[in-house]
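Naming: A, B, ... by sequence-line order, numbering from 1 per chain.
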Amino acid sequence: MRTTLDTEWAIAWLQAAADAVAEHRVELSELDRAIGDGDHGENLDRGFSAIAAKLREEAPATPGAAFKLAAMTLMSKVGGAAGPLYGTAFLRAATAVGEATELDPVLLAGALTAARDGVVLRGKAEPGDKTMVDAWTPAVDAAKSAVAAGADVTSVLAAAAAAAEAGATATDPLTARKGRASYLGERSAGHRDPGAASSALILRAAADTA
Amino acid sequence: MRTTLDTEWAIAWLQAAADAVAEHRVELSELDRAIGDGDHGENLDRGFSAIAAKLREEAPATPGAAFKLAAMTLMSKVGGAAGPLYGTAFLRAATAVGEATELDPVLLAGALTAARDGVVLRGKAEPGDKTMVDAWTPAVDAAKSAVAAGADVTSVLAAAAAAAEAGATATDPLTARKGRASYLGERSAGHRDPGAASSALILRAAADTA
Amino acid sequence: MKKLINDPKSVVDESVQGFGLAHADLVSVNPDPLFVTRSGAPVPGKVGLLSGGGSGHEPLHAGYVGIGMLDAAVPGAVFTSPTPDQILPATLAVDSGAGVVHIVKNYTGDVLNFEMAAELAEAEGVQVRTVLVNDDVAVEDSLYTAGRRGVGGTVLVEKIAGAAAERGDGLDAVTEIGRRVNANVRTMGVALAACTVPHAGVPSFELADNEVEIGIGIHGEPGRHRIAMENADSITERLLAPVLADLQLQSGEKVLLFVNGMGGTPLSELYIVYRHAAAVLAEAGLVIERSLVGNYITALEMQGCSISVLRLDDELTALWDAPVNTAALRWGI
Amino acid sequence: MKKLINDPKSVVDESVQGFGLAHADLVSVNPDPLFVTRSGAPVPGKVGLLSGGGSGHEPLHAGYVGIGMLDAAVPGAVFTSPTPDQILPATLAVDSGAGVVHIVKNYTGDVLNFEMAAELAEAEGVQVRTVLVNDDVAVEDSLYTAGRRGVGGTVLVEKIAGAAAERGDGLDAVTEIGRRVNANVRTMGVALAACTVPHAGVPSFELADNEVEIGIGIHGEPGRHRIAMENADSITERLLAPVLADLQLQSGEKVLLFVNGMGGTPLSELYIVYRHAAAVLAEAGLVIERSLVGNYITALEMQGCSISVLRLDDELTALWDAPVNTAALRWGI
Ligand SMILES: Nc1ncnc2c1ncn2[C@@H]1O[C@H](COP(=O)(O)OP(=O)(O)O)[C@@H](O)[C@H]1O
Ligand SMILES: Nc1ncnc2c1ncn2[C@@H]1O[C@H](COP(=O)(O)OP(=O)(O)O)[C@@H](O)[C@H]1O
Ligand SMILES: [Mg+2]
Ligand SMILES: [Mg+2]
Ligand SMILES: [Mg+2]
Ligand SMILES: [Mg+2]
């Protein structure tokens with residue numbers, strides 16, 4: 001039972017996230033092609049592979065520094081809706097953990113909450129609008145419950161990832177009310193939201209590396 | 001055995017030619033699509049249906065007047081290579097028959113010869129260049145031979161039509177050296193020349209109405 | 001997918017480089033981060049005008065950089081908004097001290113990235129105003145969506161606000177003119193065939209042989225609804241009806257009629273649409289004072305068109321007529 | 001086939017009508033027989049410049065009617081040359097007494113119809129000269145074919161001869177300038193996908209997913225040979241090599257580089273081609289003095305492009321730069 005997560009984990013997470021995004025690039029763009037403009041996988045892959053490249057050159061000193069590196073890279077490389085949203089998420093997470101070198105369950109759940117709040121602040125989406133918020137919000141709720149129940153960091157992330165995956169799946173029947181998919185109106189129902197799907201992948205990478 | 005052909009025949013011929021062109025419009029354009037720009041059937045149909053429409057309004061007084069009406073209509077409606085070529089052919093035929101009201105075999109063969117010579121003068125194609133000349137030249141030769149053998153007008157035209165059809169078929173293996181098909185070089189071999197095909201149709205209409 | 005490209009990843013960079021080479025008298029290209037500025041920018045004392053967005057809409061936006069129109073264009077990846085680290089330096093590069101107006105098409109990605117860049121620019125002491133373009137009447141429930149999209153009207157906003165900046169209007173005045181154009185222009189589009197984003201490699205959507213998509217955006221995203229193919233006059237009426245209804249034009253009003261090609265439709269067809277659109281407007285008693293027909297804001301090789309109607313007043317007409325010298329729009333110079 | 005048309009038979013008439021409505025300040029349309037003349041033609045004392053050919057190449061030719069370019073354009077059916085009964089009255093309409101130059105693309109149909117019209121015009125007392133455009137190096141064996149075709153160079157001939165006529169050159173001088181441009185320009189094209197002629201309803205030819213047609217003309221007719229798809233830089237080199245070889249340009253010579261879209265290729269791709277073409281010319285020591293990139297002579301919605309190189313001398317450059325005001329090409333006014 002791990003009590004805290006360190007910088008090494010933060011770096012491993014980002015690298016695993018980059019691998020997961022690369023592996024699911026086509027699939028994410030396919031989802032976006034159905035209800036958006038077909039670039040979500042490409043956009044995220046551009047950003048996360050740049051993160052992975054930077055991490056091969058410089059080693060951040062703290063989890064917060066790793067999150068900040070991710071935030072800046074995502075903001076400058078991704079573009080589209082996802083760039084500022086994920087960028088803000090990682091920036092808020094970085095601020096939340098500050099200079100800490102070890103993240104305990106409370107700090108970890110706090111980081112996830114800050115990330116989700118950043119997405120909501122930027123994008124103004126509410127749960128049920130069929131966006132990445134629908135993956136992040138259940139993930140945050142699950143993480144908080146796990147912390148309250150005394151879970152360790154690994155279990156906190158496992159709970160968050162599972163909830164994010166369920167949240168992403170649950171976007172299928174929804175009608176989009178934010179982002180490009182909203183222009184489709186009811187025709188957006190019956191498709192998974194690409195941003196929710198990528199959020200689930202990224203949170204699963206966090207759990208797998210913990 | 002008919003000894004001469006009159007204005008009524010000239011009009012009937014043009015109407016039958018219009019019907020034949022309309023019926024084979026798509027087929028002629030298909031031939032042109034293979035080695036040209038796909039408009040030959042459309043071009044000719046525009047011209048011949050205009051001839052038919054004019055003939056419903058005014059009745060030419062002589063075969064020559066009918067040919068002249070056809071010539072002017074083809075020149076003004078068809079465009080492309082075929083318009084001036086067929087236009088010149090009918091104009092020369094009109095000149096060749098002059099004011100005659102009845103065409104005997106000699107005059108008829110003379111009209112066909114003048115038509116062919118007009119096409120050659122305008123287009124400067126030689127036999128074997130894979131153009132309508134390859135239908136007209138054997139047709140003229142066959143008509144002349146028939147006249148020399150003492151055939152009547154019906155047989156003269158039947159001989160011309162059969163020779164034109166054989167001539168058109170014989171363009172299949174040729175490499176085009178004139179017109180749009182010439183740009184294809186050897187790739188033009190293996191396809192029938194659309195202008196030769198339409199010439200055969202028009203001469204067949206002449207024979208069928210005689 | 002067959003395209004005249006070398007590598008899907010280098011499409012935008014190489015295309016903008018080629019653009020810079022072909023129009024070296026008009027523009028400079030900053031390769032990294034990528035943006036295009038008017039030669040000699042910033043123009044002393046002049047308000048800077050900047051626009052940008054996903055690539056694939058050429059000639060928008062780089063084609064409108066030059067005298068009387070934009071000072072800078074910031075191209076994102078194909079159909080993907082540019083990032084703040086492009087928008088910020090471009091903004092700084094065209095600020096003469098008089099401030100910079102961002103012309104932003106209303107898409108979530110564009111709005112968010114420009115918003116961040118504007119915040120960063122303000123932090124560096126540059127005054128930034130934003131003109132949000134949202135002229136697309138295809139989006140009906142703007143309350144339950146990300147709002148109406150910026151489409152054809154963008155070109156008109158850029159031209160007219162550009163003329164205002166060129167004649168020396170201040171930051172607020174240029175912003176007001178830009179918003180005035182946006183408030184008075186409405187657009188609706190149709191697609192006959194989808195386009196293929198280079199890195200996707202497959203068409204953005206599928207349309208049957210006898211279907212058209214009404215209310216299409218400029219990103220290969222599907223539109224309002226699909227209908228069976230109709231003739232040009234019927235489609236023209238379908239596009240114009242919501243535009244005219246929304247603008248609530250009165251008989252006798254003056255308008256600019258803009259028939260825009262989506263990239264893969266022959267110009268001859270755009271004029272067939274223009275012909276009937278002009279008849280419909282005349283029927284409604286409207287006076288077509290100015291017109292524009294051509295491929296001005298495209299979606300790669302998408303087949304289709306959009307129709308925009310802009311309500312003109314004397315000032316807007318004069319600004320429309322003002323000299324402009326850009327790669328894609330030029331007159332009077 | 002999905003097109004923004006009402007009826008294949010009325011495509012040209014309706015399109016030219018729409019063109020006339022959109023550009024009423026520049027042109028007049030004569031509906032029957034169909035031709036387009038410059039507003040106020042004939043210009044007293046000026047040599048008249050007339051061109052025409054099959055439709056489907058828009059903006060060619062009507063888009064080039066106006067000050068500094070053509071006095072008349074005569075549109076035939078799609079991809080079919082116009083007829084003498086159109087060309088003759090158009091010629092008479094733009095003759096001020098100084099004579100008329102016919103700019104004719106070298107296709108059998110065009111040559112024959114213009115020849116007949118010229119004979120008829122001469123018979124009515126109008127002096128007519130013909131400039132035959134045949135810049136297409138794709139046609140190799142010009143002795144065993146109808147000769148090289150007129151393609152991209154046509155636009156340059158029309159612009160430069162138009163400027164010569166506008167500055168007051170006489171009939172022989174304008175003809176000489178036109179022929180000089182033709183003698184110094186060479187073009188080669190490529191198609192990635194065919195176009196569909198409205199009345200045919202099916203694509204003019206079929207290309208497999210990985211094939212391109214090199215040496216394409218502007219009529220949907222197949223070209224020199226088919227090759228497997230290559231990247232933009234390789235295709236650019238393939239198009240430029242015969243152009244440069246044929247022009248026998250020396251290092252240090254000045255040229256105009258013209259990358260033309262066939263109608264269905266995004267502008268962004270044309271700039272990618274331009275980028276590499278400029279590099280190849282620079283490598284050969286040539287100086288690109290002027291450039292043109294866009295859809296100027298098209299084949300409906302064909303995907304592909306052509307590259308033209310024109311050897312410039314000081315006079316040609318000055319005439320290129322001279323003011324022009326037409327629907328499709330405009331500067332200096
Ligand atoms: N306002 C918003 N709030 C939260 N998430 C959003 C919002 N708008 C879009 N998204 C997310 O962004 C995803 C699309 O990202 P992407 O395809 O990269 O951007 P774009 O739509 O600009 O092409 C959507 O699937 C959705 O999850
Ligand atoms: N120089 C020529 N002499 C005789 N016939 C010719 C010549 N050039 C073309 N043709 C004929 O014209 C036909 C093509 O006609 P059409 O398709 O109507 O014109 P275009 O080639 O202008 O589209 C060819 O099949 C050929 O028979
Ligand atoms: Mg997307
Ligand atoms: Mg033909
Ligand atoms: Mg996007
Ligand atoms: Mg033709």
Does any heavy atom of chain C fall under 4.5 Å from the side chain of D/V11, the backbone, both, or neither of them? both
Among D/N6, D/V16, D/L4, the one residue meeting side-chain contact (heavy atoms from CB on, under 4.5 Å) with C/I272: D/N6
Return the option, out of C/L21, C/T236, C/N295, with the maximum number of heavy-atom pairs under 4.5 Å with chain D. C/L21
Within a reach of under 6.0 Å around CG of D/N210, are more than 12 heavy atoms found that belong to other residues, nucleotides or ligands? yes
Turns out that what part of C/A22 lies under 4.5 Å from chain D's heavy atoms comes down to both
With only heavy atoms counted, which part of D/S15 is less than 4.5 Å from chain C, the side chain, the backbone, both or neither? both
With a 4.5 angstrom heavy-atom cut-off, could you sort out which part of C/I288 is near chain D: side chain, backbone, both or neither? neither
Is the distance between the ring centroids of D/H23 and C/Y271 under 6.0 Å? yes
May I ask you to name which of D/M229, D/E58, D/M302 has the most heavy-atom pairs under 4.5 Å with chain C? D/E58
Bottom line for C/L192: the part with an atom under 4.5 Å from chain D's heavy atoms is both
Report the distance from atom CG of C/N325 to atom CZ of D/R330, rounding to the nearest 0.5 Å. 11.5 Å
To the nearest 0.5 Å, what is the distance between CG on D/L60 and CG on C/L267? 11.0 Å
Choice from C/E301, C/R290, C/E230, C/H57 maximising heavy atom contacts with chain D below 4.5 Å: C/E301
Quick one: do D/Q303 and C/K2 satisfy side chain to side chain contact (heavy atoms under 4.5 Å, CB included)? Show the steps, please. CA-CA 9 Å; D/Q303 291 186 8; C/K2 275 184 289 184; 5.8 Å; no
Report the distance from atom CG of D/N231 to atom CD1 of C/I5, rounding to the nearest 0.5 Å. 9.0 Å
Given C/G20, C/G18, C/A193, C/S234, the one with more heavy-atom pairs under 4.5 angstrom with chain D than any other is C/G18
Proximal component of D/A282, with respect to chain C [non-hydrogen, under 4.5 Å]: neither
Is chain D contacted by the side chain of C/D233, its backbone, both, or neither, given a heavy-atom distance below 4.5 Å? both
Examine whether an atom of C/S268 lies under 4.5 Å from a heavy atom of chain D, and if so say whether it belongs to the side chain, the backbone or both; otherwise answer neither. both
